[in-house]
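First comes the structure, then the notes that go with it.
Convention: sequence-line order gives letters A, B, ...; per-chain numbering from 1.
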Protein chains: 4
Amino acid sequence: MPTKKKPQVTASPERRRELLDTAAEVFAAQGYNATTVRKIADHAGMLAGSLYYHFDSKESMLEEILRTFLDELWSGYDAVLDAELGPRETLEALVTESFREIDRHRAAVAIYQKEAKHLAVQERFEFLAASQRKFEKAWLTTLERGVEDRNFRADLDIRLTYRFVRDTVWVAASWYRPGGQHSPEEIARQYLSMVLDGIAVRPT
Amino acid sequence: MPTKKKPQVTASPERRRELLDTAAEVFAAQGYNATTVRKIADHAGMLAGSLYYHFDSKESMLEEILRTFLDELWSGYDAVLDAELGPRETLEALVTESFREIDRHRAAVAIYQKEAKHLAVQERFEFLAASQRKFEKAWLTTLERGVEDRNFRADLDIRLTYRFVRDTVWVAASWYRPGGQHSPEEIARQYLSMVLDGIAVRPT
Amino acid sequence: MPTKKKPQVTASPERRRELLDTAAEVFAAQGYNATTVRKIADHAGMLAGSLYYHFDSKESMLEEILRTFLDELWSGYDAVLDAELGPRETLEALVTESFREIDRHRAAVAIYQKEAKHLAVQERFEFLAASQRKFEKAWLTTLERGVEDRNFRADLDIRLTYRFVRDTVWVAASWYRPGGQHSPEEIARQYLSMVLDGIAVRPT
Amino acid sequence: MPTKKKPQVTASPERRRELLDTAAEVFAAQGYNATTVRKIADHAGMLAGSLYYHFDSKESMLEEILRTFLDELWSGYDAVLDAELGPRETLEALVTESFREIDRHRAAVAIYQKEAKHLAVQERFEFLAASQRKFEKAWLTTLERGVEDRNFRADLDIRLTYRFVRDTVWVAASWYRPGGQHSPEEIARQYLSMVLDGIAVRPT
DNA sequence: GATGAATGAGAGTTCATTCAT
DNA sequence: TATGAATGAACTCTCATTCAT
């Protein structure tokens with residue numbers, strides 16, 4: 001019986017988006033598994049069953065949240081990568097872009113951080129693994145170019161450096177609150193300063 | 001009729017430890033909530049119900065895992081702090097100690113990373129919040145001393161720097177595999193080099 | 001404010017009939033319980049809620065389908081019984097009439113076969129039980145008359161024979177497809193031949 | 001995670017059998033879809049969840065009920081077919097065997113009658129379709145041999161005859177109650193008499 | 001120490017039904 | 001007449017936990 005059961009993509013995409021934002025907030029706060037659909041529905045001011053008018057399942061909400069976030073993230077990243085800047089400028093632009101995404105999709109990023117690793121093995125979430133591979137490649141390439149150009153230090157293990165930069169940026173989602181005292185660009189600036197030049201005072 | 005409670009501390013503490021190690025491994029791999037006691041029992045070669053001879057509950061296993069880890073962590077940290085080294089040496093010692101703990105308690109650290117934030121609000125896990133406060137104080141103090149001594153840069157937001165250093169170290173638990181090519185000390189050395197001096201090549 | 005009830009009998013009775021035919025088809029194919037009002041609405045090209053403009057409930061659709069079928073069936077049967085034919089001719093006429101009904105109301109007959117027994121206990125479907133009683137009486141009387149007249153064999157258990165004839169005819173609804181190679185009259189002829197004379201070759 | 005979740009085939013097969021018998025009774029009485037696992041559990045004197053210690057799902061209970069029944073049925077049928085009797089004796093033996101199975105597995109047979117058709121399309125219940133094909137072949141062959149040997153009438157549509165005989169026997173499950181006044185053998189005898197020689201009195 | 005069987009609460013999901021528009 | 005969105009009860013199933021043996 002191949003008739004599409006649920007609307008999947010119903011008319012009003014605004015309601016859908018509202019509900020997904022609510023869900024993302026709860027997933028981020030309590031963890032995906034610990035979040036019941038009843039909690040989501042509570043936050044949305046409706047009954048649990050009513051969510052199923054809009055979505056197929058709890059998992060499909062999760063998928064849509066992550067997919068939407070990654071789509072936007074990559075549209076930003078691709079713009080940076082296509083600009084073919086020098087390695088240091090590329091790194092700066094990627095980090096800045098990342099903090100902007102954290103600012104815009106804080107909940108989705110937090111979910112991603114916590115759940116991506118064990119989700120990626122499921123076929124449904126294969127796109128997470130694909131994104132991770134693409135991500136790794138972009139960063140490693142940038143770092144390698146930077147080492148060649150003598151922008152970045154040659155004495156460091158490059159995979160270790162990649163992980164360092166990657167994690168350093170994204171874990172910020174776990175404490176970042178939009179509308180705080182620092183703009184994403186300001187945070188990016190300070191992070192970049194630390195990552196690039198270190199926190200120690202330079203001997204003159 | 002003595003106490004009604006479960007044995008809590010049964011005969012052999014080794015069996016207990018074995019079971020907790022098994023549980024930690026599974027919690028780390030799949031997340032606490034997604035881990036059923038059945039899975040733990042499977043890994044331990046017994047039936048779910050049998051675990052209750054050794055432990056009060058799934059939650060008490062989690063508590064014991066985290067408590068044991070934090071106890072050991074703090075015995076290391078306290079030794080460092082009591083030595084009253086200079087701020088830079090203190091930072092180096094704390095980071096090195098942290099990587100040693102990751103090496104020894106990888107599973108517990110991974111669990112801690114993923115679950116601590118939402119657990120800390122429960123009374124039972126108040127010790128997590130306490131540890132976090134103590135942790136924050138130790139680091140902030142060290143950083144402040146370092147800024148005063150002109151060991152560390154004065155132009156950075158100190159809380160941001162604290163988070164940077166803290167996260168930078170602990171997220172390593174998410175990818176670290178004991179017995180790999182790098183010893184914890186070697187990883188610590190490289191991380192410290194990045195954190196202190198940055199990844200950019202210094203102008204000479 | 002007139003009656004609070006739903007329109008029950010709305011404007012066009014043709015639309016009603018169309019929808020009932022659709023519903024009957026789906027009920028017959030999937031079973032009443034396994035059929036959702038959504039599936040019916042899908043087949044009718046409308047949304048589930050819209051059906052409630054035409055009908056009170058899913059159950060009332062079922063009731064109307066069965067009632068309509070039985071009304072027509074009995075108008076045929078009554079004509080036969082009122083003709084006061086001999087027992088053998090009555091049996092032949094009843095069987096032929098039955099196959100005509102199967103031809104005309106295949107879906108309703110199939111539903112009846114599958115659901116009548118457990119529905120009949122509900123007050124709402126008392127008419128099913130009533131029909132069954134009337135049905136049984138008509139058949140038993142006919143068979144008894146036939147035995148008296150020496151049209152039918154006297155050595156058979158009469159209730160067993162009744163069930164044999166009854167079931168033999170009606171289960172045909174489960175495989176019969178209108179518009180096939182055999183007309184209902186032809187099928188009736190062959191069934192009657194088997195029922196009356198058996199499938200074995202007669203010794204001459 | 002390929003670890004077998006549920007015992008599937010646990011130790012005590014008696015308990016399993018008891019529960020399946022209970023389930024079969026309820027399925028037969030109310031229909032599979034209309035039967036809730038709670039009802040089954042009620043009849044078994046336990047809670048709904050407890051059934052899942054013994055079975056994977058409601059559907060797996062249904063499967064096991066039908067499979068067990070068909071296995072036994074075919075062990076009887078195969079014995080008959082392997083005996084290579086004449087067509088009339090084969091028919092008699094198959095019908096008698098069928099009534100014995102109805103006697104032994106009344107509930108399973110009733111379920112089979114009601115649900116087989118729409119279940120057979122699911123992959124899980126492919127064995128139903130396979131059985132039906134085998135069944136059809138056995139009967140058609142027997143009937144054809146009988147026509148050749150001039151045991152059975154040549155003037156009847158053979159597929160129609162097949163359906164007639166098949167249905168005639170199996171619908172008996174819908175009214176048969178074990179322990180009634182007729183033994184299965186006696187019912188078989190009367191049915192055979194009707195099927196073979198008809199219900200009409202023979203002209204002498 | 002461990003098993004087998006059960007409990008009971010609560011999870012995700014389905015679905016007949018309602019109703020303002 | 002029909003739609004879109006929601007309700008609420010009931011469903012199948014999961015799982016931490018208990019306990020007699």
* Asked: Which of parallel (below 30°), tilted (30 to 60°) and perpendicular (above 60°) describes Tyr112(A) and Phe69(A)?
  -> perpendicular

* **Nucleotide dC15(F), atom C1' - distance to CD of Glu59(B) in whole Å** => 15 Å

* Between Leu119(C) and Phe125(C), which heavy-atom pair has the shortest distance, and what is it? -> O-CB, 3.5 Å

* Asked: Quick one: is Tyr52(B) getting a side-chain N or O under 4.0 Å of the dT18(F) phosphate, OP1 or OP2?
  -> no

* Asked: Pick the nucleotide of DNA chain F nearest each of Gly45(A) and Leu19(C); which residue has the one closer to the 5' end?
  -> Leu19(C)

* Examine dA5(F): is either OP1 or OP2 under 4.0 Å from a nitrogen or oxygen in the side chain of Ser50(A)? Give yes or no. => no

* Rounded interatomic separation in angstrom, taking CZ from Phe55(C) and C1' from dA2(F) -> 14 Å

* Asked: Which residue lies toward the 5' end of DNA chain E, Ser57(C) or Met46(B), if each is placed at its nearest nucleotide?
  -> Met46(B)

* Structure fact -> Note: contacts of residues 31-42 of chain D with DNA chain F (heavy atom, under 4.0 Å) are Thr35(D), Thr36(D), Val37(D), Arg38(D)

* Any stems for DNA chain F, made of 3 or more Watson-Crick or G-U pairs in a row, each with both distances under 3.5 Å? -> E:2-21 with F:2-21

Would you tabulate the side-chain donor-acceptor contacts of residues 38-45 of chain D under 3.5 Å, counting partners in other chains and residues two or more places apart, or write 'none'?
residue  : atom : partner  : partner atom : Å
Lys39(D) : NZ   : Gln30(D) : OE1          : 2.9
Lys39(D) : NZ   : Ala34(D) : O            : 3.0

* Counterpart residues, side-chain hydrogen bond (donor to acceptor under 3.5 Å, both in side chains), relative to Glu59(C) (two or more places apart) -> Gln122(C), Arg124(C)

* Asked: Does Ser174(C) have any side-chain hydrogen bond (donor to acceptor under 3.5 Å, both in side chains) partners at least two apart in sequence or in another chain, and if so, which?
  -> none

* Asked: According to the ring pair (Phe, Tyr, Trp, His ring centres under 6.0 Å) rule, which pairs have a member within residues 12-31 of chain D, sequence neighbours left out?
  -> Phe27(D)-Tyr32(D)

* Most 5' of Gly49(B) and Arg15(D) on DNA chain E, judged by nearest nucleotide -> Gly49(B)

* Taking CG from Leu47(A) and C1' from dG8(F), how many angstroms apart are they, rounded to a whole number? -> 7 Å

* For Leu51(A) and dG8(F), give me the distance from atom CG to atom P, rounded to whole Å. => 14 Å

